[in-house]
Amino acid sequence: MSNQITVSLPDGKTLSMEDGSTVLAVAERIGPGLAKATLAGRVDGKLVDLRTPLRTDCGIEIVTARDPEGGNVIRHSAEHVMADAVKRLFPDAQIDAGRADHSEKFQYDFLVDRPFTPEDLERIEKEMQSIIAEKAPFERRVVDREEARALFRGLDEELKLSRLDDIPDGEEITVFQHGDFVDLCRGPHVQRSDQIGAATLLEVSGTYFRGDERGPKLQRIYGTAFSSKKELKAYLARIEEARKRDHRRVGVALGLFQLDPAISPGSPFYLPKGVALYNGLVEFIRELYPKYGFEEILTPQLFRSELFKRSGHHDKFYDDMYWFAGADEDEELGMKAMNCPGHCHLFEIGKRSYRELPIRWAEFSRLHRNERSGTLTGLTRVRSFAQDDAHIYCEPDQVPGEVDAFFRMVREVYDKLGLEGVEMAVSTRSAEFLGEPEDWDVAEKVLIEAVERAGFVCRIKEGEAAFYAPKVEADFRDVLGRAWTLGTVQIDMAMPGRFGLRYVGRDGELHQPAMLHRAVLGSLERFIAIYIEHTGGDFPFWLAPVQVIVLPISEKQSEYARAVQGRLRDQRLRVGIDERSETLNWKIREAERQKIPLSLVVGEQEASNGTVSPRLRRSKDKIPVMAMDALTAMLVAASTERKMGPLE
RNA sequence: GCUGGCGUAGCUCAACUGGUAGAGCAUCGGAUUUGUAAUCCGAAGGUUAAGGGUUCGAGUCCCCUCGCCAGCUCCA
């Protein structure tokens, strides 16, 4: 029994420990300070509870609050503390299960006879504070199924008994206890409750047991916890900043769009400034298309359902589309929800030769999808949208080159937009897929290799692909650390076959082309929402709805100010003017609030010598007065070369 | 769709346990003619989301419709 195992530490040192020692014991051997700070361990890269006995030689890292995983351990423990607090205050409540999710929140579901009120949350939070102050140690126990069953039966925790039954035979069953509260749990957990430095409850919402609408209705409480009050404060500040940047608020404040869900749910009404932004993005992509070999096409908005039967959408996507009865008897029309069926049909209309491949067809048409009402959110989830969509038909051996070109375009576009830190995620086939498994293996491999060639970080999302294609998603993390999917490229395994697409090859025989779907910005609506929140409305100069505003100091300079505006407008710049009888200070304040990149102050001096006094957004730095000729040339260059700032 | 929380002026928000619907910004009018982030005065703006009910009296309580927000396979 007293065999020794060897554990190696991150710094290369090794320790000889008794077989069955815990992570905590290792930390204690290293030093008392580290032992005190220990929250969990990483054994051969895998997160484990600090009480788990070590049975074999292994590499160990000690997880403390400094480790990002440490926060998750703290939140996972705070979740138990919250459930404990609820049980103390509401002894009849049944516990279901909790979770520390990826967004720095934790949650726990309860079966109670009435919904929790905000006052209840305050009481629960207070109770949590006293549990934390009790410095209750967390204990881990391995139990067998019968013990666990007896335990939760004794506590009248029926939901928990049901959860227990979900655990497959042969799997180790562990429970964690602190004070009198015991829960079925894998861990890992903190040593004592006071390692939860700061915790607060955020909101309550309803949910269902196992997400099943027919099952019991539960109450879910959300909270968050950190190792220190300072971190909690920073988190709350981040939430507040996100709230301020909410595109629904900023979009309306900047006069970009209006939403009227009562009149058209899930569809934006774009105002002129919003259209400037929308068109600016479309024109940007459109301008790059010749370089990347794309041609734009336009296909109908309504198709007979025959088309969607061929594409498979009538079968797999029916409820997500809008359908109409046509004028002819039995005619069913489907509103365009995606461009690909129309593109495939267009491909098959002509006789295609290998000489014209790759065919790269792009389309910016508006699409309509019947999204469930509860899922609609601002511009991020809408029923009416457009994509910078394109489909590529090529010979199979041309696929890797096309995927490489996609990544080049993604990089160019995101760079100009100032989007950094994009990661790629390859989704592999799910249980339900069309086509041959061997073809999928090849396609998945092509995508992974292309991501690596392009030098992006590559993650794998097992089983997350759409039924017809493995895909790569460009995941972008915004300034607040939230991840969003932007562009995507997919290799279609189904549609060329379903449409019977053929081209004449070099050998004179008919062959089936490979087909790619790709979008760089993805949905323009979603992109605009994300971009508003990322930039806070501070758009790059080339994209700003109003690029320049002219600010005459008094009405005496009106005429000159209009001349300045006219001259810049002649160069296709978007230029406003503020001729109101307000102070200069007020006009500048307004220009700042409207996030206009450049203000041009014109007073008596400027008017008399043909100059302007430039003022950059968010900058107090003095800029010397500039002559109109020089300024005009500079602004035109900044706009056409798509620079971030006007005077770069 | 379902669960919970909500819905007051164009926007942001007030209105004690049911007792005369208010403020700031925006808008309009007037004064002011301003040199780098808030000039002054005044006016107008509401069927309190729609409908129904309880009450002497409803923004407030109840019912219903519409809409918004958060969440809704992913595990103890």
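In what follows, every chain begins at residue 1, and chains take the letters A, B, ... in the order their sequences are listed. Hydrogens, waters and symmetry mates play no part in the numbers below; they use all other heavy atoms, side chains included. Please read all numbers here as calculations on a predicted model, not as lab measurements.
Under 4.0 angstrom from either OP1 or OP2 of rA37(B) there lies no side-chain N or O belonging to Arg617(A). The phosphate of rC69(B) (OP1 or OP2) has a side-chain N or O of Arg248(A) nearer than 4.0 angstrom. Taking side-chain N and O atoms only, Asn585(A) has no distance below 4.0 Å to OP1 or OP2 of rU36(B). Between rU32(B) and Ser581(A), no contact under 4.0 Å exists linking OP1 or OP2 to a side-chain N or O.
Atom name C1', nucleotides rU54(B) and rC66(B): the rounded distance is 23 Å, in whole Å. With P as the reference atom, rU17(B) and rG24(B) are 25 Å apart, rounded to whole Å. A distance of about 26 Å separates the C1' atoms of rG30(B) and rA37(B), rounded to the whole Å. Nucleotides rC6(B) and rU60(B) are separated by 14 Å at their P atoms, to the nearest Å. Between the P atoms of rG59(B) and rA21(B), the separation comes to 8 Å (whole Å). Nucleotides rU8(B) and rG22(B) have their C1' atoms positioned 10 Å apart, rounded to a whole Å. For the P atoms, the distance from rA43(B) to rC25(B) is 14 Å, rounded to whole Å. As rounded to the nearest Å, rG10(B) and rA44(B) have C1' atoms that lie 13 Å from one another.
Checked for salt-bridge contact, Glu559(A) and Arg562(A) miss the test: no charged N lies under 4.0 Å from a carboxylate O. A salt bridge is absent between Glu582(A) and Arg589(A): the closest approach of a Lys/Arg side-chain nitrogen to an acidic carboxylate oxygen does not fall below 4.0 angstrom.
For rC40(B), the paired base is rG30(B) (Watson-Crick or G-U wobble, both distances below 3.5 Å). Nucleotide rG7(B) has rC66(B) as its partner under the Watson-Crick or G-U criteria, with both atom distances under 3.5 Å. Using Watson-Crick or G-U wobble geometry with both donor-acceptor distances under 3.5 Å, rG57(B) finds no partner in any strand shown. Pairing partner, rG18(B): none, since no Watson-Crick or wobble contact has both distances short of 3.5 Å. rA23(B) is paired with rU12(B) under the Watson-Crick or G-U wobble criterion, all donor-acceptor distances under 3.5 Å.
Heavy-atom distances to RNA chain B give each of Arg243(A) and Val602(A) a nearest nucleotide, and the one nearer the 5′ end belongs to Arg243(A). Residues Glu604(A) and Asp246(A) both approach RNA chain B. Their nearest nucleotides, taken by heavy-atom distance, put Glu604(A) toward the 5′ side.
With rU27(B), rA70(B), rU36(B) as the choices, the nucleotide that has an atom nearest any side-chain atom of Ser613(A) turns out to be rU36(B). Of the candidates rA70(B), rU36(B), rU33(B), rU33(B) carries the atom nearest the Glu555(A) side chain, counting heavy atoms from C-beta on. Candidate nucleotides rC74(B), rU3(B), rU36(B) were compared by shortest atom distance to the side chain of Arg163(A), and rC74(B) ranks first. Closest approach to the Tyr222(A) side chain among rC69(B), rC25(B), rG71(B) is made by rG71(B) (side chain taken as heavy atoms from C-beta onward).
Side-chain contact of His178(A) with Ser193(A): a donor-acceptor pair under 3.5 Å is absent, judged by distance alone. A donor-acceptor pair shorter than 3.5 Å cannot be found between the side chains of Glu473(A) and Thr488(A). Checked by atom type, the side-chain pair Asn585(A)/Thr583(A) shows no donor-acceptor distance below 3.5 Å. In this structure, a donor-acceptor pair under 3.5 Å is present between the side chains of Tyr108(A) and Asp183(A). Side-chain N/O atoms of Tyr270(A) and Glu525(A) include a donor and acceptor closer than 3.5 Å.
If you take CD of Gln107(A) and P of rG4(B), they are 17 Å apart, rounded to a whole angstrom. Atom-to-atom, CH2 of Trp586(A) to C1' of rU34(B) comes out at 14 Å; the value is rounded to the nearest Å. Between His76(A) atom NE2 and rC75(B) atom C1' there is a gap of 11 Å when expressed in whole angstrom units. To the nearest angstrom, C1' of rG4(B) lies 12 Å from CZ of Arg220(A). Rounded to an integer number of Å, the gap from CG of Leu376(A) to P of rC69(B) is 8 Å. At whole-Å resolution of the value, CD in Glu582(A) and P in rC28(B) are 11 Å apart. Between the P atom of rU39(B) and the CG atom of Asp578(A) lies a distance of 13 Å, rounded to the nearest Å. Atoms CZ (Arg249(A)) and C1' (rG10(B)) sit 15 Å apart, rounded to a whole Å.
Residue contacts for Ile588(A): at a heavy-atom cut-off of 4.0 Å it reaches a base atom on one of the strands shown. Using a 4.0 Å heavy-atom cutoff across all strands shown, Lys556(A) reaches sugar-phosphate atoms only and no base atom. Nucleic acid contact class of Glu590(A) (heavy atoms, under 4.0 Å, all strands): none. At the heavy-atom level, Asp260(A) lies nowhere under 4.0 Å from the strands shown.
Here Tyr235(A) and Phe226(A) bring their ring centres to under 6.0 angstrom of each other.
One N or O donor and one acceptor, one from the side chain of Glu606(A) and one from the base of rG35(B), sit under 3.5 Å apart.
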